[in-house]
Amino acid sequence: PLPRVPALSAARVPLSAGWLPALQFVRRGSKAVTRHWKAMHFQRQKLMAVTEYLAPRPAVPPRCLARRRETLEEDNGYAQLLRRQVEEVFRDNRMIAVCQYNSMPGEDVVLMRHYLRKHNIEVKFVLNEIVRPVLSQSKYKNLLPLFVARNILLVSREAKAKEMLRVLKGVPQINLLGACIDDTILSKQGVENFAKLPLLETVQGQTVGALALLPSQTSSLLQRGPAHLTALLDQHIHRLQAGETGSPAEPAAAQSSGAH
Amino acid sequence: KKMASKIRVVLRPVKSIVVRFCPFESNVESTRKFLGCINHKKIQATNRNCEVTADVRHDGSEPLVDVMFADGERLIMKGANLTTVEMLTALGSRCNAKELKEEQKSKKSP
């Protein structure tokens with residue numbers, strides 16, 4: 001670069017969107033392609049201003065139009081697996097209890113799991129967004145409003161409601177909301193009542209006893225006549241035998257027994 | 001937007017909290033979330049003596065939060081049309097007010 005005496009002249013540059021100064025000094029005598037920013041020729045400036053890019057705007061703004069339903073294609077394999085697990089759970093187990101889970105310290109969770117395991121009850125943590133669609137398609141529609149906020153499921157093949165209630169009483173942070181035992185939806189009160197019921201065998205024994213009562217009464221009634229008769233005959237024989245030692249009265253006894 | 005789990009409530013002036021709701025109803029979501037937030041470690045740590053009881057019914061009654069303060073005052077919040085954040089902020093503001101009063105009292109009478 002030759003040391004030339006710069007001859008500066010001011011040129012008006014239109015204020016663009018940037019922060020260029022209003023006056024720019026143009027060095028007359030510099031080449032067309034410079035390392036610094038060189039003001040365009042005024043006619044070129046006008047041309048550039050006229051041919052600026054204008055983004056096309058839709059006639060109706062998109063937020064006024066109805067939103068297109070975004071199809072839930074996010075069916076990733078993990079969600080499917082969890083859904084299958086939930087379906088399995090609902091199919092396999094007789095008793096499913098839904099409880100609200102408020103945050104518990106970890107050791108308490110492990111202890112509770114341990115105690116429930118002893119009674120063959122499993123603890124499952126579930127996500128609402130997975131359980132809700134599964135339930136809405138199965139027959140357990142009435143369990144849907146239960147699945148809000150954090151929940152856990154206590155599932156078991158036997159319906160040991162009493163033990164479950166006892167364990168849950170010792171854990172204050174888990175609240176039983178409802179249960180589905182043998183395809184019957186029960187509330188908390190229902191579960192407590194169910195726990196108070198006696199064992200199935202006792203109930204069966206009681207039913208059998210109650211049912212057998214009437215026929216036994218009938219049979220005893222029917223047998224009363226002949227039993228009375230046999231008792232009377234026995235007494236008669238005894239009396240006759242007692243009388244025989246005193247005086248022989250056998251033909252009379254044979255006649256009386258033959259008449260009946 | 002406030003997250004319900006971020007609200008910190010100091011439960012020191014509270015004696016007991018009873019949360020009553022009927023899980024088969026559809027308006028219990030905020031009450032249940034309120035119960036979940038109240039049972040958080042940090043909030044429970046502010047007052048170990050505060051008993052939080054959950055009363056689960058099936059009689060179609062509306063969700064209710066009954067807070068009993070140590071100075072005998074009672075706060076009843078009907079959660080059917082309230083959000084969790086509203087309930088937590090209401091409880092929090094009352095607790096803070098009580099704390100301030102107690103501090104002032106303890107400062108006045110050393």
Side-chain angles (χ1 to χ4, degrees), chain A residues 96-109 112 125-129 131-132 135-136 140-154 161 164-165 167-181 184-196, chain B residues 3-9 11 14 16-66 79-85 87-88 91:
Chain A
I96 305 162
V98 183
C99 305
Q100 164 140 356
Y101 172 75
N102 308 314
S103 45
M104 253 164 58
E107 314 99 45
D108 283 3
V109 176
M112 185 192 76
F125 284 82
V126 288
L127 285 177
N128 291 337
E129 59 201 12
V131 184
R132 285 193 147 240
L135 282 187
S136 54
Y140 300 101
K141 288 204 182 53
N142 291 317
L143 282 176
L144 265 180
L146 282 184
F147 284 93
V148 180
R150 298 186 77 183
N151 300 302
I152 58 173
L153 290 181
L154 305 176
M164 186 180 79
L165 282 176
V167 173
L168 288 180
K169 233 195 299 182
V171 185
Q173 292 104 329
I174 298 227
N175 317 116
L176 177 66
L177 303 174
C180 176
I181 304 185
T184 335
I185 295 186
L186 299 169
S187 71
K188 185 175 174 190
Q189 194 62 47
V191 174
E192 283 165 11
N193 292 342
F194 179 81
K196 285 197 205 133
Chain B
M3 271 202 61
S5 48
K6 295 267 192 271
I7 302 180
R8 295 278 171 254
V9 177
L11 287 181
V14 173
S16 74
I17 303 182
V18 178
V19 183
R20 191 181 318 158
F21 60 91
C22 175
F24 288 94
E25 298 281 320
S26 46
N27 52 0
V28 296
E29 181 177 342
S30 53
T31 319
R32 279 181 69 175
K33 289 214 177 117
F34 177 80
L35 179 64
C37 294
I38 281 261
N39 271 317
H40 203 264
K41 268 189 294 197
K42 298 208 171 150
I43 300 185
Q44 290 274 305
T46 58
N47 185 357
R48 294 265 172 216
N49 300 328
C50 175
E51 306 141 7
V52 179
T53 1
D55 195 1
V56 180
R57 305 245 177 124
H58 194 46
D59 45 9
S61 59
E62 42 177 59
L64 194 73
V65 177
D66 190 349
N81 293 320
L82 291 171
T83 64
T84 325
V85 175
M87 290 202 268
L88 281 169
L91 182 62

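We name chains A, B, ... by the order of the sequence lines, and we start the count at 1 in each one. Note that the coordinates shown come from a computational prediction; the quantities given were computed from them, not determined experimentally.
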#### Entry: Validation row: B:V28, A:V148 side chains within 4.5 angstrom (heavy atoms)
no
### Summary
When the 4.5 angstrom heavy-atom criterion is applied to A:L144 and chain B, the contacting part is neither
Which atom pairs, one a donor and one an acceptor, fall under 3.5 Å between side chains of residues 48-56 of chain B and the rest of the protein, sequence neighbours left out?
from: B:T53; atom 1: OG1; to: B:I17; atom 2: O; distance (Å): 3.3
from: B:D55; atom 1: OD2; to: B:R57; atom 2: NE; distance (Å): 3.2
from: B:D55; atom 1: OD2; to: B:R57; atom 2: NH2; distance (Å): 2.9

### Query
Roughly how far apart are A:N151 CG and B:R32 CZ, rounded to 0.5 Å?
4.5 Å
### For chain A, which residues of residues 38-46 of chain B have heavy atoms nearer than 4.5 angstrom
B:N39, B:H40, B:K41
### Message
Report which part of A:I174 has an atom under 4.5 Å of a heavy atom belonging to chain B: side chain, backbone, both, or neither.
### Response
neither
